[in-house]
Amino acid sequence: MEAFVLEWLSLLGRWLHLVTGIAWIGASFYFVWLDNHLEPPADPADAAKGVGGELWAVHGGGFYNPKKYLVAPGALPPTLHWFKWEAYWTWISGFFLLCLVYYVGADAYLIDKSVADLGRAAAIAIGLASLALGWIVYDRLCVSPLGSRPRALSAVLVAFFSLCAWGLCHVFSGRGAYIHFGAMLGTVMVANVAMVIMPAQRELVAACRDGRAPNPAAGARAKQRSVHNTYFTLPVLFTMISNHYATAYGHRWNWAILLAIAFAGAAIRTWFVARHHGRASRAPAIAGVAALVIVALALAPSPPPARAATGDEPEFHGFARVSAIVKQRCVGCHSALPTQAGFTAAPKGVTFDTPDQITVQATRILEQVASRAMPIGNLTAMTDEERAIIADWVGHGAPRTP
């Protein structure tokens, strides 16, 4: 019953996280696009009222004419819409999932004894500390003298987050490291909204109501953090889906792969933002795509080594031996009726109850065991010899012969 409740909580939490994330990121992307497409107001009366830019758009069967003031209108409207709860609920639902999946299930999803011999309490403490540390260091760097030097700040931030990615991948399982790296960036993003962007907006509204000039420093800080959030978005989205791709997080160079894909996402987003202004250099997009191609080539499986007929080849273990390994190490979870505690259904619907199910999915089995992503957390203690036997069997074409 406990596993059933946890599974439903996970389903509902993921659903909420997805919906709120779409709302937050969609609004963020829209306002970046809007800012970069504004044109000088066509009506001189609008310019006289302080309108700095406008645009016309058509959507859903109607015309829209949003306008942006250089500072603020002469009088605030009775209804003013704020955009904050999309961000807050994305983080709240994400943190709920982090606790539910990776902290309640730390032994399976967070701890990998072959990476670091951690206890549950230590692993959870490190995970929570990484979220706080990420924000504290990032925020201190932004308010330091580096904050007024965007290029230098960017270089230091890249170095800091690269160190974080490396460290997480040397403490947690690959899957746990990737999600914590994304959670760290996501925490920075929502803290930017709560601690910098929203206070700046409140200052702007208060200044307008009081009839005084707003504090320009607050607006500059908010703009800086908003720009950072834009470039963090695609790397965070990758980490959100990364648990489906053991080829990446299970690789021995998983931290480098994580950084390469994060760079690709940020570079591609850079090109999109620049393109909003009109013609833009394709260099960031080319660099981002090149990084993805390099990662794909690095992850491509190597062909099995050629075997010379020397007469002293190692013994080939056929299907009977492989089937026994799969039943002992994998079927506890990957079965129509799982027996492993905490599982009410086979992960991703993948089952190995019959010989056909094993042979048809031989390549997927090899991918998971070779990357050490499975068995998850190596709960069933699959040995290196057993992994080698499966790899050899697949290398022979995954025959059904005993």
Side-chain angles (χ1 to χ4, degrees), residues 2 5-7 9-10 12-14 16-18 20-21 24 84-143 157 159-198 225 228-229 232-233 235-243 249 254-255 258-259 262 342 376-377 379:
E2 178 183 352
V5 172
L6 291 176
E7 184 171 1
L9 288 174
S10 176
L12 296 176
R14 288 177 192 275
L16 176 62
H17 191 51
L18 180 63
T20 55
W24 181 19
K84 57 181 180 178
W85 286 108
E86 301 92 339
Y88 298 165
W89 275 105
T90 298
W91 189 88
I92 291 169
S93 58
F95 186 70
F96 170 77
L97 284 172
L98 185 69
C99 294
L100 184 71
V101 176
Y102 290 90
Y103 295 162
V104 173
D107 292 329
Y109 296 107
L110 184 60
I111 298 170
D112 184 340
K113 297 291 186 180
S114 67
V115 176
D117 190 8
L118 296 174
R120 286 174 55 89
I124 294 170
I126 293 171
L128 292 173
S130 70
L131 305 187
L133 180 67
W135 162 249
I136 292 170
V137 173
Y138 164 84
D139 182 60
R140 291 299 90 194
L141 288 172
C142 287
V143 300
L157 288 177
F160 168 66
F161 285 119
S162 296
L163 180 62
C164 290
W166 179 87
L168 289 169
C169 287
H170 283 77
V171 173
F172 296 143
S173 69
R175 176 172 170 169
Y178 273 38
I179 205 67
H180 273 82
F181 183 76
M184 177 189 293
L185 293 183
T187 298
V188 167
M189 290 174 68
V190 78
N192 276 339
V193 173
M195 308 296 287
V196 180
I197 297 173
M198 290 306 299
R225 305 303 180 93
H228 289 173
N229 279 6
F232 288 156
T233 300
V236 170
L237 287 175
F238 164 70
T239 62
M240 285 173 62
I241 63 172
S242 64
N243 64 295
Y249 72 72
N254 54 5
W255 63 272
L258 173 59
L259 290 175
I376 193 163
L379 289 174

J.: Can you list the residues that meet the side-chain contact (heavy atoms from CB on, under 4.5 Å) rule with Ile179, with sequence neighbours excluded?
T.: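 Residues passing side-chain contact (heavy atoms from CB on, under 4.5 Å) with Ile179: Leu98, Tyr102.
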
J.: How close do Leu185 and Pro235 get, heavy atom to heavy atom, and via which atoms?
T.: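 Closest pair (atom of Leu185, atom of Pro235, distance): CD1-CB, 4.1 Å.
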
J.: What is the distance from atom CG of Asp139 to atom CG of Asn192, rounded to the nearest 0.5 Å?
T.: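 Taking CG in Asp139 and CG in Asn192, the distance rounds to 7.5 Å.
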
J.: Give a yes or no answer on whether the side chain of Asn229 reaches the backbone of Met189 with a donor-acceptor pair at less than 3.5 Å.
T.: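 Indeed, once roles are kept as given, a pair shorter than 3.5 Å links the two residues.
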
J.: Whether the side chain of Ser10 engages the backbone of Leu6 through a donor-acceptor N/O pair (distance < 3.5 Å, no angle test) should be reported.
T.: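 Pair absent, no side-chain N/O of Ser10 close to backbone of Leu6.
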
J.: Please identify which of these residues, Leu259, Asn254, Val115, meets the side-chain contact (heavy atoms from CB on, under 4.5 Å) condition with Cys169.
T.: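 Single side-chain contact (heavy atoms from CB on, under 4.5 Å) partner of Cys169 among Leu259, Asn254, Val115: Asn254.
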
J.: Measure the shortest side-chain to side-chain distance between Leu258 and Phe238 over non-hydrogen atoms and say whether it is less than 4.5 angstrom.
T.: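 Result yes, sub-4.5 Å side-chain heavy-atom pair found.
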
J.: Going from CE on Met198 to CZ on Arg225, what distance comes out if it is rounded to the nearest 0.5 angstrom?
T.: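 Separation between the atoms: 15.0 Å.
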
J.: Does any part of the side chain of Trp24, heavy atoms only, come nearer than 4.5 Å to the side chain of Val193, both counted from C-beta?
T.: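 Sidechains of Trp24 and Val193: in contact.
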
J.: Considering only heavy atoms from C-beta outward, does the side chain of Ile197 approach that of Lys84 to under 4.5 Å?
T.: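 No, side chains not in contact.
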
J.: Are any side-chain N or O atoms of Ser173 and backbone N or O atoms of Tyr109, one a donor and one an acceptor, separated by less than 3.5 Å?
T.: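 Checking the backbone N and O of Tyr109 against the side chain of Ser173, a donor-acceptor pair under 3.5 Å is found.
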
J.: Got a donor-acceptor contact below 3.5 angstrom from the His17 side chain to the Ser93 backbone?
T.: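 Here the side-chain-to-backbone pair does not exist.
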
J.: Side-chain contact, heavy-atom cut-off 4.5 Å: Tyr178 with Phe172?
T.: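 When only atoms from C-beta onward are counted, Phe172 and Tyr178 do not touch, as no gap falls below 4.5 Å.
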
J.: Should Phe161 and Phe181 count as side-chain neighbours, where that means a heavy-atom distance under 4.5 Å?
T.: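 A side-chain contact exists here, since the closest heavy-atom pair is under 4.5 Å.
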
J.: Should the pair Tyr138 and His228 be assigned to parallel (<30°), tilted (30 to 60°) or perpendicular (>60°) ring geometry?
T.: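 Ring orientation, 0 to 90° scale: perpendicular.
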
J.: Would you compute the distance between atom CG of Asp112 and atom CG of Asp107 and round it to the nearest 0.5 angstrom?
T.: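 The distance works out to 11.5 Å.
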
J.: Any side-chain heavy atom of Leu141 within less than 4.5 Å of one from Leu157?
T.: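 Touching, per the 4.5 Å side-chain cut-off.
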
J.: Output side-chain donor-acceptor pairs under 3.5 Å for residues 118-137, partner residues at least two apart or in another chain, one line each.
T.:
{"from": "Arg120", "atom 1": "NH1", "to": "Val104", "atom 2": "O", "distance (Å)": "3.3"}
{"from": "Arg120", "atom 1": "NH2", "to": "Tyr103", "atom 2": "O", "distance (Å)": "3.2"}
{"from": "Ser130", "atom 1": "OG", "to": "Gly127", "atom 2": "O", "distance (Å)": "2.6"}

J.: Find out whether Leu12 and Leu16 are in side-chain contact, i.e. whether some heavy atom of one side chain is under 4.5 Å from a heavy atom of the other.
T.: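 No, their side chains stay 4.5 Å or more apart.
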
